[in-house]
Amino acid sequence: METLVVDHPLVAHKLTTLRDVRTDSPTFRRLADELVTLLAYEATRDVRVVDATVDTPVAPAHGVRLARPVPLVVPILRAGLGMLDGMTRLLPTAEVGFLGMIRDESTLKAQTYATRLPEDLSGRQCYVLDPMLATGGTLAAAVQFLFDRGADDVTAICLLAAPEGIAHMDAAFQGSGKPLRLVTAALDERLNEQGYIMPGLGDAGDRLYGVV
Ligand SMILES: O=P(O)(O)OC[C@H]1O[C@H](OP(=O)(O)OP(=O)(O)O)[C@H](O)[C@@H]1O
Ligand SMILES: O=c1cc[nH]c(=O)[nH]1
Ligand SMILES: [Mg+2]
């Protein structure tokens, strides 16, 4: 998996406050929203476009428009929802599919409880949103759903990633032959014994929406 760690002082600044245990939920939500917009700018560098010409008040101008089919954005519930508005602000014409997944905290295996995706994703560029890439079980299952439906180009946007999660994705998709990218604000050190990213930011879903 091609991995890009976005190296930008504003990203680093916002991420530092996001990690801080003293940051409350409203601030955490705002920072996650701002961070994903900055990451999305990099993540959409290869978005497909077609040539287009418009008339300015002075003369024709050659430019581009987003190609069709429009990209599909897929937030992974629950925590990925906190990244959706920041992404669609940059790609307002994108369609949105949903995956609901939860990690069993004793086995660390991901379970899928909701799927709302187009049946046929042939020719679609997909952007998966999930703040945390920890063991990689959740993201690997999500990407497999998209490839199974014909997606041929997937970019994951994660606020934080662990080396273990990247290794899991590489092992799962090395031979797939399909473009798969990760754009993240930071590559952290490792997972702890409970499967949490170290130093991480804790449970992203809980920090966004509270402990349920
Ligand atoms: O890489 P993994 O080891 O699979 O862990 C990462 C997943 O864990 C978190 O979700 P969680 O299961 O806490 O669900 P939530 O979003 O509803 O809180 C996170 O948002 C990822 O989806
Ligand atoms: O550190 C982690 C790992 C998995 N899920 C989270 O929300 N945080
Ligand atoms: Mg959670």
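Both backbone and side-chain heavy atoms feed into the values below; hydrogens, waters and symmetry mates do not.
- Judged by distance alone, the side chain of Lys178 and the main-chain N or O of Val154 form no donor-acceptor pair under 3.5 Å.
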Checklist entry - After noting the C-alpha distance and the side-chain angles of Leu187 and Thr3, does the key distance pass the side-chain contact (heavy atoms from CB on, under 4.5 Å) rule? => result CA-CA 10 Å; Leu187 178 56; Thr3 298; 5.8 Å; no
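- Arg89 CZ: more than 12 foreign heavy atoms inside a 6.0 Å radius.
- In this structure, Glu164 contributes its side chain and Gly195 its backbone to no donor-acceptor pair below 3.5 Å.
- Without hydrogens or angle criteria, Arg190 side chain to Ala162 main chain gives no donor-acceptor distance under 3.5 Å.
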Item to check | CA sep, side-chain torsions, deciding dist, call: Tyr209, Leu81, side-chain contact (heavy atoms from CB on, under 4.5 Å) | outcome: CA-CA 10 Å; Tyr209 302 120; Leu81 263 192; 3.5 Å; yes
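- The backbone N or O of Gly200 sits less than 3.5 Å from a side-chain atom of Arg19, completing a donor-acceptor pair.
- Counting only N and O atoms by type, the side chains of Asp20 and Thr23 include no donor and acceptor under 3.5 Å apart.
- A single hydrophobic cluster is not seen to contain both Leu121 and Val96; linkage of ILVMFWY side chains at heavy-atom distances under 4.5 Å, directly or through other members, places them apart.
- Under 4.0 Å is where a charged nitrogen must lie from a carboxylate oxygen, and between Asp152 and Arg48 at least one such pair does.
- Remark: the backbone N or O of Met1 is paired with a side-chain donor or acceptor of Asp170 at under 3.5 angstrom.
- Considering all non-hydrogen atoms of both residues, Leu10 and Leu38 come closest at CB-CD1, 4.3 Å.
- Taking all atoms of both residues into account, the shortest heavy-atom contact from Glu105 to Gln194 is OE1-O, 4.2 Å.
- When all heavy atoms of Arg78 and Tyr113 are compared, the pair lying nearest together is N-OH, 3.9 Å.
- With hydrogens and angles disregarded, no donor-acceptor distance shorter than 3.5 Å links the side chain of Thr112 to the backbone of Met101.
- Under the 4.5 Å side-chain heavy-atom criterion for grouping Ile, Leu, Val, Met, Phe, Trp and Tyr, Ile166 is not connected to Met132 through any hydrophobic cluster.
- In the hydrophobic cluster analysis, where Ile, Leu, Val, Met, Phe, Trp and Tyr join through side-chain heavy atoms closer than 4.5 angstrom, Leu129 is grouped apart from Val143.
- In terms of modelled atom types and a separation under 3.5 Å, the side chain of Arg207 and the main chain of Leu18 share a donor-acceptor contact.
- Considering all non-hydrogen atoms of both residues, Pro75 and Gly97 come closest at CD-O, 3.0 Å.
- A donor-acceptor pair is defined here as one N or O able to donate and one able to accept, closer than 3.5 Å; such a pair exists between the side chain of Thr184 and the backbone of Leu159.
- At a threshold of 4.0 Å, the pair Lys14-Asp33 does not count as salt-bridged, since none of the basic side-chain nitrogens sits closer than that to a carboxylate oxygen.
- No more than 12 heavy atoms of other residues, nucleotides or ligands shown are found within 6.0 angstrom of CG on Asp7.
- Ile76 and Leu108 fall into different hydrophobic clusters, where Ile, Leu, Val, Met, Phe, Trp and Tyr residues are linked whenever their side-chain heavy atoms come under 4.5 Å apart, directly or through other members.
- The side-chain heavy atoms of Tyr127 and Leu91, taken from C-beta on, include a pair separated by under 4.5 Å.
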Item to check | Arg181 and Leu4: CA distance, side-chain angles, deciding distance, side-chain contact (heavy atoms from CB on, under 4.5 Å) verdict | outcome: CA-CA 8 Å; Arg181 283 177 229 93; Leu4 174 68; over 6 Å; no
Checklist entry - Between Glu42 and Val5, does a side-chain contact (heavy atoms from CB on, under 4.5 Å) hold up when you go through it step by step? => result CA-CA 10 Å; Glu42 292 295 344; Val5 180; over 6 Å; no
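- Annotation: cation-pi pair Arg103/Tyr196 present, NZ/CZ under 6.0 Å from the ring centroid and within 45° of its normal.
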